[in-house]
Participant: 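Please find one structure pasted underneath; my questions will follow.
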Amino acid sequence: MEEKRTTLEDIVSFAKRRGFVYPGSDIYGGEAGLYDFGPNGVELLNNIKKSWWKANVYDRDDFVGVDSAIFKHPRVWEASGHVGGFSDPLAECKVCHTRIRVDKELGAIGITADEKMSEEELGKLFDENRDKIKCPKCGNKDFTGVKAFNLLVKSNLGDFTGEDERPVYLPGEACQGIYLNFKNVVDTMPVKIPFGIAQIGKAFRNEISPRNFLFRTRELEQADTQYFVAPHQNKEAYERIKQNRWDWYVNDLGIKPENLKWHQHENLVFYASDAWDIEYNYPSLGFDELEGVHDRTDYDLTQHMKFSGTDLQYNDPATHEKYIPWILETSMGMGRCFLAVLCDAYTVETLPNGETRTVLKLKPELAPVKYAVSPLLKNKPELVEKAREVYLALKKKYGNVMWDDNGNIGKRYRRQDEIGTPYCVVIDFDTLQDGTVTIRDRDTTEQKRVAIDQI
RNA sequence: GCGGGUGUCGUAUAGUGGCUAAUAUGCAAGCCUUCCAAGCUCGAGACGGGAGUUCGAUUCUCCCCACCCGCACCA
């Protein structure tokens with residue numbers, strides 16, 4: 001029934017028009033890579049978060065949640081490898097402007113270049129070997145100097161001189177907050193391995209080129225779980241976690257399975273034992289990452305143990321064995337998830353009379369507005385009065401319930417369809433007689449009469 | 001970050017070196033309306049920002065910003 005292929009542009013303008021997502025700092029001309037959620041957007045976003053938290057914390061008896069401070073000790077990002085390695089040393093061909101990864105090009109000619117080397121060290125190595133490196137595109141050897149783009153965002157927290165050599169960074173990924181609190185959770189909560197910690201947190205990245213709406217932003221939110229298991233006890237749990245994550249998208253968020261697929265990483269980072277992404281088929285972009293499910297061995301806790309000097313080993317109560325747990329991670333981009341849910345629900349139907357109807361086919365639990373309440377006619381005080389009564393009662397019970405008495409009834413239905421309101425309640429003359437109202441279903445457009453207290 | 005393109009009410013589009021910048025839709029107010037965008041009246045709402053050229057710039061030039069396409073990047 002869909003008319004034509006929906007583009008990302010359609011989604012962007014729809015999202016603004018209907019109060020889901022606005023460009024960040026819009027009145028100042030915008031600011032790249034930042035978006036704000038509007039009244040309907042924040043409801044949808046919160047509903048997704050609630051669903052995620054329910055699936056990953058409340059529905060499990062081996063998970064707890066945390067919420068860590070955004071600012072963290074400077075050493076955290078050294079331990080995580082972000083200060084040294086969260087950057088790519090690049091040089092640009094002066095002839096055709098193609099950019100090359102200097103460390104990789106050096107590696108290709110047999111020079112050991114660690115990506116954790118400083119810009120100066122790499123620059124020196126590059127200068128010594130310039131005559132051996134050709135531009136892969138045009139073959140010239142005329143390159144600019146090496147420049148490293150570090151993606152971490154710096155702050156001046158606690159620095160009043162502006163000259164602090166060890167700045168406090170904003171998080172490049174939210175999951176570090178979980179590793180930092182692993183010991184605290186073990187020491188204070190009734191948990192034992194295997195168990196997991198979940199967190200929804202903000203991350204910030206100086207993306208060179210933020211693009212594609214909510215897909216790549218400079219400020220993002222991540223929903224992470226870290227599942228701690230005994231060494232080498234990772235395989236079975238990993239498969240189970242992968243399945244759980246897939247099921248959440250399909251069953252809880254209602255995303256069409258044909259728009260999702262698994263993608264296994266081919267080049268694993270050195271510490272990872274396995275890595276799969278769940279990809280979504282975004283309009284205009286095609287399949288791209290939505291969530292990563294990674295088998296990370298003991299790398300993260302080992303690093304923090306080394307850099308902090310704190311013993312992060314787990315003392316197994318059954319075997320009295322001490323070990324650093326292995327970690328199975330799930331890491332979802334909340335903005336990407338929001339985008340996927342929005343795109344997947346966005347439907348343009350052609351009606352028998354040739355007109356189109358835009359419907360956001362969200363799962364009712366995710367819909368920004370649960371019910372819209374209208375008097376059939378606005379100029380009949382007795383209908384309006386009764387409708388207000390029903391509206392206030394529903395609002396008290398369900399929270400986000402909308403009053404809508406604008407235009408005629410058909411317009412109201414269409415307006416509610418566009419923001420995904422699952423049910424519209426209309427108070428008509430029969431209501432005054434027998435206390436029943438009509439409830440109109442968003443997807444089928446069919447109506448039922450029910451008593452007010454049956455809603 | 002590089003190259004190319006675009007930028008006009010909330011949204012989608014017209015248009016112009018000079019008259020009050022237009023249309024649809026949406027929004028808001030009123031009338032009307034007994035269930036799927038009916039109709040009428042009234043209203044608010046835009047030339048992305050800054051310089052320059054000019055008697056006069058939304059229109060031409062430059063810079064900046066944002067967005068789109070391609071490249072590169074994506075721990």
Side-chain angles (χ1 to χ4, degrees), chain A residues 7-10 12-19 22-35 38 77 80-101 104 115-116 136-137 144 147-152 172-173 175-176 203 205-213 215-216 269-272 275 277 284 288-289 292 294 331 333 351-353 355-358 374-380 383 405-418 424-432 437-442 444-447 449:
Chain A
T7 64
L8 193 57
E9 218 170 328
D10 295 333
V12 173
S13 100
F14 168 79
K16 182 171 184 185
R17 186 160 48 85
R18 298 275 76 159
Y22 307 129
S25 308
D26 206 7
I27 62 169
Y28 283 91
E31 183 71 8
L34 301 170
Y35 289 90
W77 305 106
S80 70
H82 287 76
V83 172
F86 198 42
S87 63
D88 302 305
L90 299 175
E92 187 178 312
C93 170
K94 285 182 182 170
V95 180
C96 70
H97 302 295
T98 296
R99 296 203 158 205
I100 59 163
R101 275 284 295 265
K104 289 190 176 166
E115 62 174 5
K116 293 208 163 56
K137 198 167 165 191
T144 60
K147 203 176 168 195
F149 293 94
N150 193 290
L151 270 62
L152 282 180
E173 59 183 14
C175 64
Q176 294 298 329
R205 300 175 186 188
N206 256 330
E207 293 287 353
I208 296 170
S209 171
R211 210 175 271 193
N212 296 329
F213 197 39
F215 185 79
R216 178 161 292 116
V269 277
F270 65 92
Y271 53 79
D277 289 341
S284 305
D288 213 330
E289 187 180 352
H294 300 160
S331 181
L351 302 174
N353 65 7
E355 286 179 3
T356 59
R357 182 175 84 114
T358 304
S374 303
L376 179 60
L377 298 173
K378 194 184 180 178
N379 61 353
K380 297 288 184 286
L383 289 183
D405 64 358
N406 217 325
N408 60 50
I409 194 71
K411 280 193 172 193
R412 295 176 210 154
Y413 287 154
R414 293 300 181 82
R415 184 167 36 234
Q416 297 301 328
D417 287 342
E418 278 210 319
C424 293
V425 174
V426 174
I427 282 67
D428 59 15
F429 293 98
D430 289 351
T431 312
L432 303 178
V437 296
T438 63
I439 294 192
R440 180 263 196 183
D441 182 276
R442 177 193 69 200
T444 64
T445 76
E446 277 162 15
Q447 298 174 40
R449 282 211 83 85

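Values reported hereafter were calculated over all heavy atoms of this structure, with side chains retained and with hydrogens, waters and symmetry mates removed. Proteins get letters first, then strands, A, B, ... in listed order; numbering begins at 1 in each.
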Participant: NA contact type, A:Ser209, heavy-atom cut-off 4.0 Å: base, sugar-phosphate, or nothing?
Facilitator: base
Participant: Output all residues satisfying ring-ring contact (aromatic ring centres under 6.0 Å, His included) with A:Phe213, sequence neighbours left out; order by chain, then residue number.
Facilitator: A:Tyr35
Participant: Could you state the atom-to-atom distance from CD of A:Glu418 to P of B:A12 in whole Å?
Facilitator: 13 Å
Participant: Would you mind reading off the distance between A:Leu377 atom CG and B:C36 atom P, rounded to a whole angstrom?
Facilitator: 12 Å
Participant: Please step through side chain to side chain contact (heavy atoms under 4.5 Å, CB included) for the pair A:Thr438 and A:Val425, ending with a clear verdict.
Facilitator: CA-CA 6 Å; A:Thr438 63; A:Val425 174; over 6 Å; no
Participant: Just call it for A:Lys16: base, sugar-phosphate, or nothing, with non-hydrogen atoms closer than 4.0 Å on any strand.
Facilitator: sugar-phosphate
Participant: Whole angstrom is fine here: how far is it from CD1 in A:Ile409 over to C1' in B:U33?
Facilitator: 11 Å
Participant: With sequence neighbours excluded, tell me which residues meet side-chain contact (heavy atoms from CB on, under 4.5 Å) with A:Ser13.
Facilitator: none
Participant: What protein N or O atoms touch nucleotides 25-27 of chain B N or O atoms at under 3.5 angstrom, if any, and at what distances?
Facilitator:
residue : atom : partner  : partner atom : Å
B:C27   : OP1  : A:Arg415 : NH1          : 2.4

Participant: Less than 4.0 angstrom from a charged side-chain N to a carboxylate O is my criterion; do A:Glu418 and A:Arg357 meet it?
Facilitator: no
Participant: What is the distance, rounded to the nearest whole Å, between atom CZ of A:Arg211 and atom C1' of B:C67?
Facilitator: 10 Å
Participant: Shortest non-hydrogen contact from A:Lys378 to A:Asp405?
Facilitator: CD-O, 3.4 Å
Participant: Please work out if A:Ser374 contacts a base, only the sugar-phosphate, or nothing of the nucleic acid, heavy-atom cut-off 4.0 Å.
Facilitator: nothing
Participant: Could you pull out the closest heavy-atom pair between A:Pro375 and A:Arg412, with the gap in Å?
Facilitator: O-NH1, 2.7 Å
Participant: Considering just the side-chain nitrogens and oxygens of A:Asn212, establish if one lies under 4.0 Å of OP1 or OP2 belonging to B:C69.
Facilitator: yes
Participant: Quick check for you: to the nearest 0.5 Å, what is the distance between A:Arg449 atom CZ and A:Thr431 atom OG1?
Facilitator: 5.0 Å
Participant: On RNA chain B, compare the nucleotides closest to A:Asp441 and A:Gly407; which residue's is nearer the 5' end?
Facilitator: A:Gly407
Participant: Run the ring-ring contact (aromatic ring centres under 6.0 Å, His included) test against A:Phe215 and tell me which residues pass, sequence neighbours left out.
Facilitator: A:Tyr282
Participant: RNA chain B: A:Glu207 or A:Gly410, which has the more 5' nearest nucleotide?
Facilitator: A:Gly410
Participant: State the dot-bracket string of RNA chain B. Criteria: Watson-Crick or G-U wobble, both atom distances under 3.5 angstrom; notation: ( ) intrastrand, [ ] crossing earlier pairs, | interstrand, . unpaired.
Facilitator: (((((((..((((....[...)))).(.(((.......))).)....(((((..]....))))))))))))....
Participant: Counting only side-chain heavy atoms from C-beta out, which of B:A12, B:C35, B:A37 sits nearest to A:Ser13?
Facilitator: B:A12
Participant: Taking the P atom of each, how far is B:G50 from B:C65, in whole Å?
Facilitator: 15 Å
Participant: Atom CG of A:Asn379 and atom P of B:C31: how far apart are they, to the nearest Å?
Facilitator: 7 Å
Participant: Which part of the nucleic acid does A:Gln447 contact within heavy-atom distance under 4.0 Å: base, sugar-phosphate only, or nothing?
Facilitator: base
Participant: Between B:C35 atom P and A:Arg414 atom CZ, what is the distance in whole Å?
Facilitator: 16 Å
Participant: When only distance counts, do a donor and an acceptor, one from the side chain of A:Arg440 and one from the base of B:C36, lie under 3.5 Å apart?
Facilitator: yes
Participant: Detail all sub-3.5 Å separations between protein N/O atoms and N/O atoms belonging to nucleotides 63-66 of chain B.
Facilitator:
residue : atom : partner : partner atom : Å
B:A66   : OP1  : A:Ala32 : N            : 3.2
B:A66   : O4'  : A:Gly29 : O            : 3.1

